[in-house]
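Quick caveat, the model's predicted, so the values are computed rather than measured.
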Amino acid sequence: MQRPKARKPRGFPDRSGAELVTERLMLERIAGVYRSYGFAELQTPAFEYTDALGKFLPDVDRPNAGVFSLQDDDEQWLSLRYDLTAPLARYVAENMDALPRPYRRYAVGTVWRNEKPGPGRFREFTQIDADACFAPAPHADAEIIMMFIDALKAAGVEDSDVEIRLSSRRVMTGLLDVIGVDPEDQATAGTVLRAMDKYDRLGADGVALLLGEGRKDDSGDYTEGAKLEARQIDQVLRFMEGSDMADAFAGNQAGTEGAEELQKIVSTLTELGYGNRVKLDPSVIRGLDYYTGPVFEAALTFDVENEKGQVVQFGSVGSGGRYDGLIARFKGQDVPSVGCSVGVSRLLTALASKAAFEEADGPVVILALEEAEMPRYHRMAQALRGEGVAAEVYLGGAGMKAQMRYADKRGASLVVIVGEDERKAGQVTIKDLRAGKEASQNIDSREQWTEERPGQETVGEGNFVEAVTTRLA
RNA sequence: GCCGCCUUAGCUCAGUAGGUUAGAGCGCUUGAUUGUGGAUCAAGAGGUCCCCCGUUCGAACCGGGGAGGCGGUACCA
C-alpha cells in the first residue's frame with residue numbers, strides 16, 4: 001500500500017506556541033487603535049467571485065496567475081481573496097445606499113497569494129486593514145497615516161525601527177507627462193515606475209539601466225528596460241534625487257496638485273507630532289493599477305536575518321494609499337477612498353529575527369501515580385482551574401519518571417505529586433520545575449543530584465491550592 | 001518564469017580520487033535512582049546516502065533527467 005508522505009505545501013506555514021500568542025496580541029492591539037479612531041470591524045468571506053476581485057486575465061476566460069481559483073458547481077470562477085481591499089470595494093458597491101458616508105471599517109483576516117514564497121513571504125498570511133471610503137484627500141490620508149503609525153507602534157515596532165515612506169501616484173503622472181511618456185501607455189509607464197521602485201536596492205546606475213536598454217543582474221537574470229532616451233533618464237533620476245517634488249513641475253497640473261496634496265499631508269502630520277516618522281520618497285510606487293493618489297509604505301530600518309544568520313531582502317511590513325477608482329469598477333462612479341494594511345505575518349517574522357518570542361509557562365501537571373486515585377487527581381485539577389490556574393492530569397499509563405519528563409517538555413512550571421505516601425499522610429508534594437532547572441546549573445555529580453530535591457515542598461492536602469497559587473504568583 | 005547553491009539518521013553535518021559492516025554531535029529510548037524532569041556516566045534504537053535512467057564486475061560517490069529545499073532576480077493587488 002502506498003502511504004502518503006506527511007508534508008506541508010510550501011509557503012503555507014504551520015504555526016504554534018508563542019508566535020500565535022504574540023500574533024493574537026498584536027492583532028488585538030492594532031484593532032484597538034483602529035477602533036479608537038472610530039473604525040468598526042467588517043468580516044467578509046475568504047472566497048469572492050473572480051470578476052469581483054478584478055482578476056481575470058485580459059481577454060481570456062481564466063483567472064490570473066497569482067490567485068488561487070476554482071470553479072463552482074455552476075461553472076463560475078471563485079478566487080481566494082489576495083487582500084482585504086478588493087472585498088471591501090465589492091462590499092461598498094453592493095451596499096452603497098445603506099452605508100454612512102464616510103464609511104470607515106477595519107478588517108482582519110487571512111489572505112492567499114499563489115506565487116513563489118520567499119523569506120518572510122508566504123502564500124497564506126494575515127493582514128489587518130483599515131479603510132475610509134467616501135473620504136477625500138488630503139485630510140483622510142493624513143488621518144490614515146497617523147493611525148497606521150499608531151498601529152505599528154501598538155504592534156510593538158519601536159519608532160527607530162520603522163520609517164514611513166510617502167509618495168503620490170499623481171506626482172508620478174506629472175513626472176511622466178513632463179518627461180514625455182504618456183501616463184496612459186501602460187507598458188512604458190509601468191516599466192518606468194517599476195524601475196523607480198528599485199531605486200533603494202539598485203541605486204541610480206541600476207535604475208538608469210532599467211529606464212534605458214535593460215539590466216542583467218548578478219544572478220544572471222535579464223530585465224527588459226523602458227528604452228527611454230538619455231535626456232529622459234536624466235530627468236527621472238534628477239527628480240528622484242531632488243528634495244522638493246513640487247520643483248519639477250512647472251505648470252503641470254497633475255504633478256503640481258499631487259505635490260501640494262503631499263505637502264498638506266506632511267504639514268498636518270508634522271503639526272500632530274508625526275513629522276519625524278514620515279519621509280517623502282519618490283521610489284515608493286506600490287500597486288500600479290490600483291492607487292490614484294498618495295501612497296505609502298512602512299520599511300524596517302534594521303537587518304532581517306534568516307535562521308542561518310544571513311541578512312535577507314525584506315519587503316515592507318505594511319502599506320497603504322488612496323484608491324479613488326476601485327469602487328468605480330462596479331458602479332461607474334469614483335468613490336474617494338484611502339486605507340492602510342499591516343502585514344502581520346511578515347511583521348512577526350521580522351520581529352522574531354530581532355528577538356525570540358518568550359514561551360509562556362505550560363500548565364501545572366498533576367501526576368497520575370495510582371490508577372484507583374484518578375478521580376482524586378481530577379478533583380485537584382478542578383480546584384486549581386477554579387482559581388484560574390491552568391492544570392492537567394497526566395493521561396496514559398507511564399511511570400513517574402516518564403511523567404516528569406512529560407511535564408518538563410510541556411514547559412510546566414509546577415508538578416503536583418500525590419502517591420501512596422502522600423495520600424496516606426493526607427499530604428501533597430509540589431515540585432517547582434523552574435527552581436530545579438536553576439539549581440541544575442550548579443550540580444555536576446550524581447550524588448548531589450539524587451540527594452537534592454530543589455524547589456520541592458510538601459503541604460497538607462487542604463492547603464495545596466493556596467501553595468500552588470503562591471508559588472505561581 | 002530566469003539564475004545560482006544545496007539534498008547522507010528526528011536535527012546539524014562529516015565521509016571515501018567508485019569496493020563489501022556509512023559515521024559524529026545533538027535529540028530520542030533504556031539503565032545507574034524498585035517514587036522524581038533538567039547536570040553526569042553507560043548502553044540501545046534509528047538510514048531506499050532525494051527519485052529515475054545510464055556507465056561499471058561493483059554507484060551514496062561518475063553522467064543524464066526529474067523532484068524538493070534555500071537564496072537572488074522578475075512579478076507582486
Under the 3.5 Å Watson-Crick or G-U criterion, the dot-bracket string of RNA chain B, with | for inter-strand pairs = (((((((..((((.....[...)))).(((((.......))))).....(((((..]....))))))))))))....
Taking [atom1] from [X] and [atom2] from [N], how many angstroms apart are they, rounded to a whole number?
X: A/Arg434; N: B/A39; atom1: CZ; atom2: C1'; answer: 20 Å
X: A/Leu193; N: B/C75; atom1: CG; atom2: P; answer: 12 Å
X: A/Leu202; N: B/A74; atom1: CG; atom2: P; answer: 6 Å
X: A/Tyr394; N: B/U36; atom1: OH; atom2: P; answer: 15 Å
X: A/Glu420; N: B/U36; atom1: CD; atom2: P; answer: 15 Å
X: A/Asp197; N: B/C76; atom1: CG; atom2: P; answer: 9 Å
X: A/Tyr222; N: B/C75; atom1: OH; atom2: P; answer: 13 Å
X: A/Glu370; N: B/U34; atom1: CD; atom2: P; answer: 17 Å

Identify, between A/Glu422 and A/Arg113, the residue whose nearest nucleotide on RNA chain B lies closer to the 5' end.
->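 It is A/Glu422, whose closest nucleotide lies nearer the 5' terminus.
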On RNA chain B, check which nucleotide each of A/Gly11 and A/Thr85 is closest to and give me the residue with the more 5' one.
->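 Closest to the 5' end, via its nearest nucleotide, is A/Gly11.
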Nearest of [options] to any side-chain atom of [X]?
X: A/Lys198; options: B/A77, B/A74, B/G35; result: B/A74
X: A/Thr223; options: B/U36, B/A77, B/A74; result: B/A74
X: A/Lys431; options: B/A74, B/A77, B/G37; result: B/G37

If the [atom1] atom of [N] is compared with that of [M], how far apart are they to the nearest Å?
N: B/C51; M: B/C57; atom1: P; answer: 24 Å
N: B/U73; M: B/C50; atom1: P; answer: 30 Å
N: B/G66; M: B/G1; atom1: P; answer: 13 Å
N: B/A32; M: B/U16; atom1: P; answer: 41 Å
N: B/A22; M: B/A9; atom1: C1'; answer: 11 Å
N: B/C13; M: B/C53; atom1: C1'; answer: 29 Å
N: B/C49; M: B/C62; atom1: C1'; answer: 16 Å
N: B/G10; M: B/G47; atom1: C1'; answer: 12 Å

Near-ring test A/Phe122/A/Phe12, centroid separation under 6.0 angstrom =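 They do not qualify: ring centres at least 6.0 Å apart.
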A/Arg194 vs B/C75: side-chain N/O to OP1/OP2 distance below 4.0 Å |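 Yes, because at least one side-chain N or O of A/Arg194 sits under 4.0 Å from OP1 or OP2 of B/C75.
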Phosphate OP1/OP2 of B/A74: any A/Arg201 side-chain N/O under 4.0 Å =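 So the side-chain polar atoms of A/Arg201 do come within 4.0 Å of the phosphate oxygens OP1 or OP2 of B/A74, strictly under.
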Over all strands shown, is [X] touching base, sugar-phosphate only, or nothing at heavy-atom distances under 4.0 angstrom?
X: A/Ile417; value: base
X: A/Val415; value: nothing
X: A/Lys216; value: nothing

Is A/Tyr406 stacked on the base of B/G37 when the test is centres under 5.5 angstrom and planes under 30 degrees?
->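 So A/Tyr406 does not count as stacking on the base.
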List the residues meeting salt bridge (Lys or Arg N to Asp or Glu O under 4.0 Å) with [X], not counting sequence neighbours, and say none if there are none.
X: A/Asp432; value: A/Arg434, A/Arg471
X: A/Lys409; value: none
X: A/Glu371; value: none
X: A/Arg405; value: none

Pull out every residue in residues 287-300 of chain A that has a heavy atom closer than 4.0 Å to any atom of RNA chain B, ordered by number, or say none.
->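 Contacting residues: A/Gly287, A/Leu288, A/Tyr290.
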Any donor-acceptor pair under 3.5 Å joining the side chain of A/Gln456 to the base of B/U36?
->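 Looking at the base of B/U36, it does pair with a donor or acceptor on the side chain of A/Gln456 (distance under 3.5 Å).
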Considering only heavy atoms and no angle criterion, is a donor-acceptor pair shorter than 3.5 Å present between the side chain of A/Lys116 and the base of B/U73?
->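 A donor-acceptor contact between them is present.
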Got a sec, which residues hit side-chain hydrogen bond (donor to acceptor under 3.5 Å, both in side chains) with [X], two or more places apart in sequence or on another chain?
X: A/Thr458; result: A/Thr429
X: A/Gln71; result: none
X: A/Asn114; result: A/Arg123

Ring pair (Phe, Tyr, Trp, His ring centres under 6.0 Å) partners of residues 203-224 of chain A, not counting sequence neighbours, each pair once =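 Listed by first then second residue: nothing to list.
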Pairwise ring pair (Phe, Tyr, Trp, His ring centres under 6.0 Å) hits with a residue in residues 389-426 of chain A, at least two apart =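 Residue pairs with at least one partner in residues 389-426 of chain A: A/Tyr394-A/Tyr406.
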Closest approach of A/Phe330 and A/Ala93, non-hydrogen atoms and distance?
->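 Shortest heavy-atom contact: CB-CB, 3.4 Å.
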Any side-chain donor near an acceptor of the partner, A/Arg322 and A/Thr292, under 3.5 Å |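 There is no such pair (donor and acceptor under 3.5 Å, judged by atom type) between the side chains of A/Arg322 and A/Thr292.
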Would the number of heavy atoms belonging to other residues, nucleotides or ligands and lying under 6.0 Å from CG of A/Asp72 be above 12?
->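 Correct, the count exceeds 12.
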Do any N or O atoms of the protein come closer than 3.5 Å to N or O atoms of nucleotides 25-31 of chain B, and which pairs are they?
{"unit_1": "B/U30", "atom_1": "OP2", "unit_2": "A/Arg405", "atom_2": "NH2", "d": "2.6"}

Which of these passes side-chain contact (heavy atoms from CB on, under 4.5 Å) with A/Leu166: A/Asp141, A/Asp281, A/Ile265, A/Val284?
->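 Answer after filtering A/Asp141, A/Asp281, A/Ile265, A/Val284: A/Ile265.
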